[in-house]
Amino acid sequence: MPELPEVETVVRGLRPKLEGRRLTSVVQRCRALRFPLPRDFANRLTGRRVISIARRAKYILVHLEGEQVLICHLGMSGRMVVEQAGKGPRRPLEKHDHIIFETDRGDEIRFNDARRFGMMDLVAADQISAHKLLKGLGPEPLGNSFNGPYLAAALKGKRTPIKAALLDQKVVAGLGNIYVCEALYHAGCSPRRQAFTVQCGRAEKLARSIRDVLNRAIAAGGSSLRDYVQADGELGYFQHDWAVYGREGEACPGCDCGQTSGIRRLVQSGRSTFYCSARQR
DNA sequence: CATTGTTCCTGTCGGC
DNA sequence: TGCCGACAGGAACAAT
């Protein structure tokens, strides 16, 4: 499912297709995604030029002329499928192609989301920071303000496992289940450890692991998991670099504990956690 | 207030 | 082969 690196990959893929382009047609084919789409959604987008595309946490922010911003979240099965102009006949629309954008270059971008956990909203630019979905978000893990001291302060007093704390978008914005598992593994930090005990050196190491794993995933073009497709139709490759996620029963790649324990799975607040008990303390 | 549990949705997969 | 239940998961919301 799209976490920060996948969303970043989608944003980078969409930029050359959308930035500077006018939306000549927008078609809405369902009433609601995760939430009902705003009234007049397609009409309010049609004819507008795209100024720029940015990412905040797992949200895609499409800045449009007229001081409007299209906020998109891919949920867990959302994809942006590009049908390029001049590449022969377009494929027929699929069942879960919910929103269809067409540009003045003739490209078509289809938002497809089988599970409809995705969401879209259209708001005035000056309301972005106050938007319900965005206002509570913590810092960007790849931004300047995210570091060991920040993380230690954010975790101080948190009586919850570190796994759950890192999934909390108020602590740090953009991590999901996969990259939390991976970052904890690389930091040698047990997913069960109480968050408030991650201080000083541990927090430093964890912050660095989070940044490293995200940067590596972005460099690999995001991870592909079943229904995730990169914006340009190519698949990301980072899933091959997962150390622990989805690898229950396999040997731990980073230490020689493989024979005795290997990678285990446990369920924390309803989510699978993959970890190596020998390496993560 | 802090934290945990539930819910939304549908495709996929394992077991019988 | 076909059916059925379990599972996947982001984030809002409800419950504790």
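First the proteins, then the strands, lettered A, B, ... as listed; each starts at 1. All figures in this text were calculated on a predicted structure; none of them were measured in a lab.
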[N] [atom2] sits how many Å from [X] [atom1], rounded?
X	N	atom1	atom2	answer
A:His131	C:dA11	NE2	P	13 Å
A:Leu167	B:dT3	CG	P	15 Å
A:Arg34	B:dT6	CZ	C1'	11 Å
A:Asn112	B:dT10	CG	P	13 Å
A:Ile71	C:dA12	CD1	C1'	15 Å
A:Asp121	C:dA11	CG	P	15 Å
A:Asp113	C:dG10	CG	P	13 Å
A:Phe35	C:dG10	CZ	P	15 Å

Would you indicate, yes or no, if [N] has its OP1 or OP2 atom less than 4.0 angstrom from a side-chain nitrogen or oxygen of [X]?
X	N	result
A:Lys58	C:dA11	yes
A:Gln169	C:dG10	no
A:Ser77	B:dG11	no
A:Arg265	C:dA8	yes
A:His73	C:dG10	no
A:Lys132	C:dA11	no

Closest-nucleotide mapping onto DNA chain B: is A:Phe117 or A:Ser269 further toward the 5' terminus? I mean the 5' end. A:Ser269
Pairwise 5' ranking along DNA chain B for A:Ala164 and A:His96, keeping only the more 5' one: A:Ala164
Presence of salt bridge, A:Glu3 and A:Lys58, under 4.0 angstrom: no
Minimum heavy-atom distance between [X] and [Y], given as atom pair plus value:
X	Y	answer
A:Glu204	A:Pro149	OE1-CD, 3.7 Å
A:Cys181	A:Lys163	SG-CE, 4.3 Å
A:Ala125	A:Val69	CA-CG2, 3.8 Å

Using a 4.0 Å heavy-atom cut-off across all strands, classify [X] as base, sugar-phosphate, or nothing.
X	value
A:Leu133	sugar-phosphate
A:Lys170	nothing
A:Gly157	sugar-phosphate

Does A:Arg271 get its side chain close enough to the base of C:dA8, under 3.5 Å, for a donor-acceptor pair? no
Given the structure, check if the side chain of A:Arg115 and the base of C:dG10 hold any donor-acceptor pair shorter than 3.5 Å. no
Of all the choices, B:dT3, B:dG11, C:dA8, which nucleotide is nearest to the side chain of A:Arg159 once you look at every atom? B:dT3
A:Asn177 side chain: which of C:dG10, C:dA11, B:dG11 is closest? C:dG10
Close side-chain approach of A:Arg264 and A:Val244, heavy atoms under 4.5 Å: no
Only one of A:Ile99, A:Val62, A:Asp121 passes side chain to side chain contact (heavy atoms under 4.5 Å, CB included) with A:Leu70; say which it is. A:Val62
